[in-house]
**Student:** 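Okay, handing you the structure first.
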Amino acid sequence: MPELPEVETVCRTLREPLVGRTISAAVVTWPRTVEPLDPGDFTARVSDATVDAIERRAKLIVARLSTGDTLTTHLRMTGKLLYTRHGATPPEEPERHLRIAYELDNLDMLEFFDARKFGRVRLHTAEEWDDVSASYGPEPLDPDFTSDWLYQRLRATTRQIKPLLLDQKFIAGIGNIYADEALFLARIHPLKPANTISRRKAEALHQAIVSVLSQAIANAGTTLRDYRSGSGAIGMNKPNLNVYGAPPGTPCPRCGARLKRLVVGQRGTTICPRCQRLR
DNA sequence: CACTGAGCCTGCTAGC
DNA sequence: TGCTAGCAGGCTCAGT
């Protein structure tokens, strides 16, 4: 599941080949991918647009277009945005998973594959994009995400800490993998009400979030099964995971107790019951 | 406000 | 071996 580090890696791998290129044509093969636009409108609005910049906001791959529109791609679970040079071997993806194909002015291709069809590609006007961007919480790797900010915000809500970390309006870019990893490192139980977390623990959580995300970016993301960068490469961060995806009963890498699996906010969650106490 | 559940989807796998 | 039921999960929306 692509989260902040994976999306950041996709942006970094797409930036060099894509910036400065003009989209000469686009084909939408699964209309819901571009909702609420219909495929004809989408195609018309991206055709002949030049990519001025590639940025990341939360889990969105953001392409600034010369038309003033902002093109965003959300990979959700199984989306892949793959760049292929003209004449190079095409991606090893089943053709039936192709949802959008963009042809560029140099005949290179940018293709959006998505097995489960959850991914979304949208076009926003400048004003719309400002609103969308403002609806997200702070970027955890930006300087305005401080431990003091986190502590003050935790104090203001009774919500359980894990669903709170997954709330993109609270903090942008964290998903199931890095929420579990950060809570494990900070030794916080995922069900703990936010307003009962001490200043000390909030500092630990802040540090854990930053280090877990930075490390994953340094390793080009975590590939469990589907994730690929813009060039089709897998991520190398999986060996750094402490708890996510570990079968119940696996020894805790820190204390040796048996890891436990629970469901929090309808999501699979792995914790060490000894390191992460509710009280 | 906090939380729950349904819906969107299909590939994979556990269990028969 | 072959089949099927159920799980996985980010996000949105409706309901309690």
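A, B, ... follow the sequence lines: proteins, then strands. Residue 1 opens every chain.
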**Student:** Tell me the interatomic distance from A:Arg76, atom CZ, to B:dC8, atom P, rounded to whole angstroms.
**Tutor:**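 Rounding to the nearest Å, CZ of A:Arg76 and P of B:dC8 are 13 Å apart.
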**Student:** Taking all non-hydrogen atoms of both residues into account, name the closest pair between A:Glu3 and A:Gly175 and its distance.
**Tutor:**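 The pair with the smallest heavy-atom distance is OE1-N, 2.8 Å.
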**Student:** Mind listing the residues from residues 89-101 of chain A sitting with a heavy atom below 4.0 Å of DNA chain B? Number order is fine.
**Tutor:**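 The answer is A:Arg96, A:His97.
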**Student:** Can you name the residues that form a salt bridge (charged side-chain N to carboxylate O under 4.0 Å, His left out) with A:Asp148, not counting sequence neighbours?
**Tutor:**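 With sequence neighbours excluded, A:Asp148 shows a salt bridge (charged side-chain N to carboxylate O under 4.0 Å, His left out) to A:Arg199, given in chain and number order.
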**Student:** Of all residues at least two apart in sequence or in a different chain, which pass the side-chain hydrogen bond (donor to acceptor under 3.5 Å, both in side chains) check with A:Asp52?
**Tutor:**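 Here no residue qualifies.
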**Student:** Under a 4.5 Å cut-off applied to non-hydrogen side-chain atoms, are A:Leu98 and A:Glu93 in contact?
**Tutor:**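 They are not in side-chain contact.
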**Student:** Below 4.0 angstrom, which residues in residues 159-166 of chain A have at least one non-hydrogen atom near DNA chain B?
**Tutor:**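 A:Arg159, A:Gln160, in order of number.
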**Student:** Whole Å only: how far is the CG atom of A:Asp226 from the P atom of B:dC9?
**Tutor:**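 Going from A:Asp226 (CG) to B:dC9 (P), I get 17 Å.
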**Student:** Salt-bridge test for A:Arg200 and A:Glu203: reply yes if a basic N is under 4.0 Å from a carboxylate O, no otherwise.
**Tutor:**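 No.
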**Student:** Nearest whole angstrom, please: distance from the P of B:dA2 to the CZ of A:Phe170.
**Tutor:**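 It works out to 11 Å between those atoms.
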**Student:** Same cluster or not: are A:Val10 and A:Phe112 linked, directly or through other Ile, Leu, Val, Met, Phe, Trp or Tyr residues, by side-chain heavy atoms under 4.5 angstrom apart?
**Tutor:**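 Linked, A:Val10 and A:Phe112 end up in one cluster.
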**Student:** Report the residues that fulfil side-chain hydrogen bond (donor to acceptor under 3.5 Å, both in side chains) with A:Thr13, sequence neighbours left out, ordered by chain and then residue number.
**Tutor:**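 By the side-chain hydrogen bond (donor to acceptor under 3.5 Å, both in side chains) rule, A:Thr13 matches no residue at all.
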**Student:** Partners of A:Glu8 by salt bridge (charged side-chain N to carboxylate O under 4.0 Å, His left out), sequence neighbours excluded?
**Tutor:**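 Only A:Arg12, A:Arg56 meet the salt bridge (charged side-chain N to carboxylate O under 4.0 Å, His left out) criterion with A:Glu8.
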**Student:** Can you name the salt bridge (charged side-chain N to carboxylate O under 4.0 Å, His left out) partners of A:Lys59, sequence neighbours left out?
**Tutor:**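 Not a single residue meets the salt bridge (charged side-chain N to carboxylate O under 4.0 Å, His left out) criterion with A:Lys59.
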**Student:** Just the endpoints, please: which first and last nucleotides of DNA chain C, 5' to 3', lie under 4.0 Å from a heavy atom of chain A?
**Tutor:**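 That gives a stretch of C:dA8 to C:dC11.
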**Student:** Fill in the dot-bracket string of DNA chain C, one character per base: . for unpaired, | for a pair to another strand, ( ) or [ ] for pairs within the strand, taking Watson-Crick or G-U pairs under 3.5 Å.
**Tutor:** .|||||||||||||||
**Student:** Would you give the length of the straight line joining atom CG of A:Leu37 to atom CD of A:Glu35, rounded to the nearest 0.5 angstrom?
**Tutor:**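 Answer rounded to 0.5 Å: 10.0 Å.
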**Student:** Base, sugar-phosphate, or nothing for A:Gly268, non-hydrogen atoms under 4.0 angstrom?
**Tutor:**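 Sugar-phosphate: the residue A:Gly268, judged by heavy atoms under 4.0 Å, touches backbone atoms but no base.
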**Student:** Has A:Asp114 got a side-chain atom pairing as donor or acceptor with A:Phe118's backbone, closer than 3.5 angstrom?
**Tutor:**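 Checking the backbone N and O of A:Phe118 against the side chain of A:Asp114, a donor-acceptor pair under 3.5 Å is found.
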**Student:** List for me each residue that meets ring-ring contact (aromatic ring centres under 6.0 Å, His included) alongside A:Tyr244, sequence neighbours excluded, and say none if there are none.
**Tutor:**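 Not a single residue meets the ring-ring contact (aromatic ring centres under 6.0 Å, His included) criterion with A:Tyr244.
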**Student:** What contact category does A:Thr78 fall into here, base, sugar-phosphate, or nothing, at under 4.0 angstrom with non-hydrogen atoms?
**Tutor:**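 Nothing: the residue A:Thr78, judged by heavy atoms under 4.0 Å, touches no strand.
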**Student:** Does the ring-ring contact (aromatic ring centres under 6.0 Å, His included) test come out yes or no for A:Phe170 and A:Trp149, once each step is laid out?
**Tutor:** CA-CA 11 Å; A:Phe170 185 77; A:Trp149 178 91; 5.7 Å; yes
**Student:** Not counting sequence neighbours, which residues clear salt bridge (charged side-chain N to carboxylate O under 4.0 Å, His left out) with A:Arg57? List them please.
**Tutor:**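 Expected list: A:Glu139.
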**Student:** Which residue is it: A:Pro247, A:Cys252, A:Pro248? I am looking for the one with a side chain to side chain contact (heavy atoms under 4.5 Å, CB included) to A:Leu259.
**Tutor:**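 Among A:Pro247, A:Cys252, A:Pro248, the one meeting side chain to side chain contact (heavy atoms under 4.5 Å, CB included) with A:Leu259 is A:Cys252.
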**Student:** Check each residue of residues 116-132 of chain A for a non-hydrogen atom within less than 4.0 Å of any atom in DNA chain B, then write out the ones that pass by number, or none.
**Tutor:**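 A:Arg116, A:Lys117, A:Phe118 - these, ordered by number, are the residues of the stretch whose heavy atoms sit under 4.0 Å from the strand.
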**Student:** Just to be sure I understand the rule, does A:Tyr244 reach a base, reach only the sugar-phosphate, or reach nothing, if contact means heavy atoms closer than 4.0 Å?
**Tutor:**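 Sugar-phosphate contact only - A:Tyr244 comes under 4.0 Å of backbone atoms but never of a base.
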